[in-house]
Protein chains: 2
Amino acid sequence: MYMIVDTPTQTVLYTLEQAIKAYRKLCQQNIDQVMDKLTVDQALILIVLNKYPALSQQQIADLVFKDKASLTRIIELLVQKGLLTREIHNTDRRKFELHLTAQGQHTLAQLTDTIQLNQRTALAGLTEEELAQFHTTLQKIIANCTTPA
Amino acid sequence: MYMIVDTPTQTVLYTLEQAIKAYRKLCQQNIDQVMDKLTVDQALILIVLNKYPALSQQQIADLVFKDKASLTRIIELLVQKGLLTREIHNTDRRKFELHLTAQGQHTLAQLTDTIQLNQRTALAGLTEEELAQFHTTLQKIIANCTTPA
DNA sequence: TTGATTTTATTGATATATCAATTATATTTG
DNA sequence: CAAATATAATTGATATATCAATAAAATCAA
């Protein structure tokens with residue numbers, strides 16, 4: 001018999017998965033309302049690139065917890081859509097300089113309200129203390145999962 | 001200017017994403033130690049099928065927050081690996097009856113320790129109160145994201 | 001400066017997520 | 001019962017995740 005016990009332990013991580021999926025679905029639904037054919041991940045990369053234009057693809061990947069291979073492909077799609085330009089870096093020809101096009105800036109502008117809406121919707125009714133505690137617990141879990149045991 | 005403000009709001013959902021990815025990576029690493037070429041999602045479906053053998057694919061999908069299309073493909077791989085059998089349902093020929101093979105049972109048995117290890121590792125040092133509070137907050141977020149606003 | 005190593009990014013292969021369209025079977029309705 | 005509708009699962013298309021292998025350029029070391 002291979003009993004899988006329903007400990008709070010198990011429930012919590014299951015609920016964590018549920019929460020992130022629910023949040024991602026909400027985000028995509030709200031993006032769909034203002035923008036055609038843009039994914040949550042594409043929107044995220046636009047936001048990050050606008051905020052940190054000097055980062056390399058690897059640095060962006062680390063920042064958003066994605067693989068560098070995923071970044072390559074997401075950026076490719078953003079370039080295809082005309083939201084981003086990619087040019088060889090001035091001083092290091094292994095890298096690329098990524099810039100939002102006018103259309104990219106426009107897209108991002110249209111998304112700012114949506115981004116705020118997503119966050120406010122997801123966290124409605126939570127106090128600052130509750131959020132702080134939640135954040136602390138998340139950090140502990142991350143530390144537990146990443147310390148090279 | 002398209003200022004993206006670093007509110008606690010934003011940070012929390014970012015950290016949530018980080019936590020689930022760190023946890024998934026830990027799980028995969030630990031599975032890799034005892035089992036060759038089995039993914040976290042495949043292991044999850046084995047666990048669920050063992051526990052709830054009578055569920056339809058759609059019901060399993062709902063239970064683990066996956067799409068029914070994803071379930072079809074994961075099950076296909078488990079059948080290919082010889083861990084699962086899939087036979088047409090007795091009374092409803094649209095459905096399938098899914099059963100762990102002997103090898104599937106054996107695989108699951110080898111994973112039970114790993115599953116417990118994953119959970120204990122991820123949640124080490126967290127008190128029951130902290131976990132309960134964490135769970136409550138997650139449920140609020142889920143409710144916020146899923147209520148048809 | 002050449003040769004070894006490291007860094008940055010791409011590519012290929014496979015797995016999963018999501019949505020839409022389709023197929024097959026069941027159920028409901030008139 | 002026949003027609004309409006609903007349900008269960010598959011399939012196709014596209015996006016993303018992950019790992020391994022590769023290519024190109026930069027850096028380090030002898």
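Just so we're on the same page: letters track the sequence lines, and every chain starts at 1.
Residue order along DNA chain D, read from the 5' end via each residue's closest nucleotide, puts B:Q59 first among B:Q59 and B:E17. Between B:K68 and B:T39, the residue whose closest nucleotide on DNA chain C is further toward the 5' end is B:T39. Toward the 5′ end of DNA chain D lies the nearest nucleotide of B:S70, the other residue of the pair B:K25 and B:S70 mapping further downstream.
The two residues A:L26 and A:A122 come nearest to each other via the heavy atoms CD2-N, 4.3 Å. Looking at every heavy atom in both residues, B:N118 comes nearest to B:Y23 through O-CE1, 3.8 Å. Closest approach of B:N144 to A:T121, counting heavy atoms only: CB-O, 3.0 Å.
As a whole-Å value, the separation of B:L55 CG from D:dA8 C1' is 14 Å.
Note on A:L131 and A:I141: same hydrophobic cluster, where clusters join Ile, Leu, Val, Met, Phe, Trp and Tyr whose side-chain heavy atoms are under 4.5 Å apart, directly or indirectly.
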Taking it one step at a time, do B:D36 and B:K81 satisfy salt bridge (charged side-chain N to carboxylate O under 4.0 Å, His left out)?
CA-CA 11 Å; B:D36 198 41; B:K81 286 175 198 282; over 6 Å; no
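Among the heavy atoms of the strands lying under 4.0 Å from B:T72 is at least one base atom, whether or not backbone atoms are also near. Note on B:S56: only backbone sugar-phosphate atoms sit closer than 4.0 angstrom, heavy atoms only; bases stay farther off. At a threshold of 4.0 angstrom between heavy atoms, the contacts of A:Q28 with the nucleic acid are absent. At a threshold of 4.0 angstrom between heavy atoms, the contacts of A:D67 include nucleobase atoms, whether or not backbone atoms are also involved. Within the nucleic acid shown, A:L71 has no heavy atom closer than 4.0 Å to any nucleic acid atom.
Classification of the A:F65-B:Y14 ring pair by plane angle, with boundaries at 30° and 60°, yields tilted.
Residues of residues 78-99 of chain A that place a heavy atom closer than 4.0 Å to DNA chain C, in numerical order, are A:R86, A:R94, A:K95, A:F96.
Shown are A:L49, A:L38, A:L77, A:I45; of these, the side chain to side chain contact (heavy atoms under 4.5 Å, CB included) with A:L83 is made only by A:L38.
Look at A:K66 and A:D41 and you find a salt bridge, because one of the NZ, NE, NH1 or NH2 atoms lies within 4.0 Å of a carboxylate O, short of that distance. The existence of a salt bridge linking B:E76 and B:R86 is excluded, since no basic side-chain nitrogen approaches an acidic carboxylate oxygen closer than 4.0 Å.
In the 5' to 3' direction, nucleotides of DNA chain C lying under 4.0 Å from heavy atoms of chain B begin and end at C:dA15 to C:dA26.
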